[in-house]
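Read the numbers this way: they start at 1 and go in the same order the structure lists the ligands and their atoms.
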Amino acid sequence: MAKQRPDTKAIRIQTKKTAQKEHSTPLFLTSSFTYDSAEDMAAAFTDDSLEVNIYSRFSNPTVDEFITKIAALEGAEDGVATGTGMAAIFATFMTFLSKGDHIISASAVFGSTHTILTKYLPKWGIEYSYFDMNKPETITALIKPTTRMLYVETPSNPGLDIIDIEFVAALCRQHHILLVVDNCFATPAVQQPIKYGADLVLHSATKFIDGQGRVLGGVVVGKKELVRQLYLFVRNTGPSMSPFNAWVLSKSLETLYIRMDRHAASAFELAKQLQGHAKISAVKYPFLDTHPQYVIAKKQMSNGGGIVTFELKGGIESGRKFLNALKMISMTNNLGDSRTIASHPASTTHSKLTEQERQAVGITPGLIRISAGLENVDDILADIFQALDKS
Ligand SMILES: *Cc1c(COP(=O)(O)O)cnc(C)c1O
């Protein structure tokens, strides 16, 4: 058979069928696995091939199916699944960074990632440096002999800053630094960082991969030898993914491509219609030609993704009024859901930061982030426009 395209693989990869020959993915909700003999049991513990399932903290067929699918979609050799996106990020830092090492990260990263970098890593003697996503030319000056990892999130949350993955990958190769990309906002349906030279790609599967706001999950994919090290860390320290969540996420991947097309089409439509609105000073969306990294977005993304942001001229107060005026769109912290979500970081998730700290991560007072859902786009637009009238 001809090589399958990724959107077919997302649907057709199934690693395990039981004797029942079920059509849909089976759920192996079991903490451990049994053996036919003492000899088989002894062999399971000496076997390095990991072909035998022993205990679901180590491996589980349902979790393996999810990993196999996401690795295929990202063009990766292998992967490790974790209980949350943060567990994937933390496991990656803990596996590849040691005391005395240095990590360079974009300053525009997810809030909890920022907390790990600034509060926890220094506790274990791991140094970090931040660079501005809009100034990738400043990275080289930050590289030290101890630099082991470059960490980026593209597009970033919530600023939608974009970095040229091919550019940073070349820099990392030259200096023998691991390039880790958080691909949560794009998903492999839109962007495959490994194709551009990333060493490891990770996700909060909680977002677009689940796509329906049900479960938490995380995953890291990359080359076999790197994944093997990560696998041993996760296996021994325990942030493993639950088989139930893996089952949900594996089924979700079957609709990822059509969902991302619809999320992106609606987000792009919102971006176009909101541009020039009297209450809005700026709209940001990767595929709008006014986006500062529009050319890079067009090069490495197949569409602009499902998130659009805009800046209300009235600042913090307008942001609050806008959220309160919404009738259909949900006010919640998640994103990448079938239901459209609005958030106002300055008065919620990032309210504890100073104005200056917020500016540094791209959060302005009137910034509204919309995660376009799968509803009819006209209903999404109608709700946003009526709320803008009251903000
Ligand atoms: C949500 C998110 C995370 C954290 O994932 P959890 O599943 O909530 O632990 C990491 N990176 C980005 C970009 C996110 O949006």
- Task: Determine, stepwise, if the pair Arg320 / Glu317 fulfils salt bridge (Lys or Arg N to Asp or Glu O under 4.0 Å).
- Result: CA-CA 5 Å; Arg320 277 201 200 99; Glu317 207 35 53; 2.9 Å; yes
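Here is the list of ligand 1 atoms found below 4.0 Å of a heavy atom in Ile89: 10 (C). Against a heavy-atom cut-off of under 4.0 Å, Gly85 is close to the following atoms of ligand 1: 5 (O), 6 (P), 7 (O), 9 (O). For ligand 1, the atoms sitting less than 4.0 Å from at least one non-hydrogen atom of Asn157 are 15 (O), numbered in the order shown with element in parentheses. Counting the atoms of ligand 1 from 1 in the order shown, those under 4.0 Å from a heavy atom of Thr84 are 7 (O), 9 (O).
Among protein heavy atoms, the minimum distance from atom 4 (C) of ligand 1 is reached at Phe110 CE2, 3.4 Å. Distance from atom 11 (N) of ligand 1 to its nearest protein heavy atom, with residue and atom name: Asp182 OD2, 2.7 Å. The protein atom (non-hydrogen) at minimum distance from atom 7 (O) of ligand 1 is Thr206 OG1, 2.6 Å. Protein heavy atom in closest approach to atom 14 (C) of ligand 1: Lys207 NZ, 2.9 Å. Of the protein's non-hydrogen atoms, the one nearest atom 9 (O) of ligand 1 is Met86 N, 2.8 Å.
Nearest heavy atoms, His203 versus Ala88: O-CB, 4.3 Å. For the residue pair Gln191 and Thr154, the shortest heavy atom distance occurs at NE2-O, 2.9 Å.
Close N/O approach between Cys184 and ligand 1 is not found [any backbone or side-chain N/O within under 3.5 Å].
For the atom pair OG1 (Thr8) and CD1 (Ile13), the distance works out to 10.0 Å, reported to the nearest 0.5 Å.
Aromatic ring pairs are classed by plane angle as parallel below 30°, tilted from 30° to 60° and perpendicular above 60°; the pair Phe322 and Phe310 is perpendicular.
The side-chain tip of Lys272 points at the ring of Phe268 from less than 6.0 angstrom away and within 45° of straight on.
The main-chain N or O of Ser98 is found under 3.5 Å from a side-chain atom of Asp101 such that the two form a donor-acceptor pair.
In this structure, Gln20 places its CD atom where only 12 or fewer heavy-atom neighbours from other residues, nucleotides or ligands lie under 6.0 Å away.
Counting only non-hydrogen atoms, the option in Pro155, Ser204, Gly111 that gets closest to atom 8 (O) of ligand 1 is Ser204.
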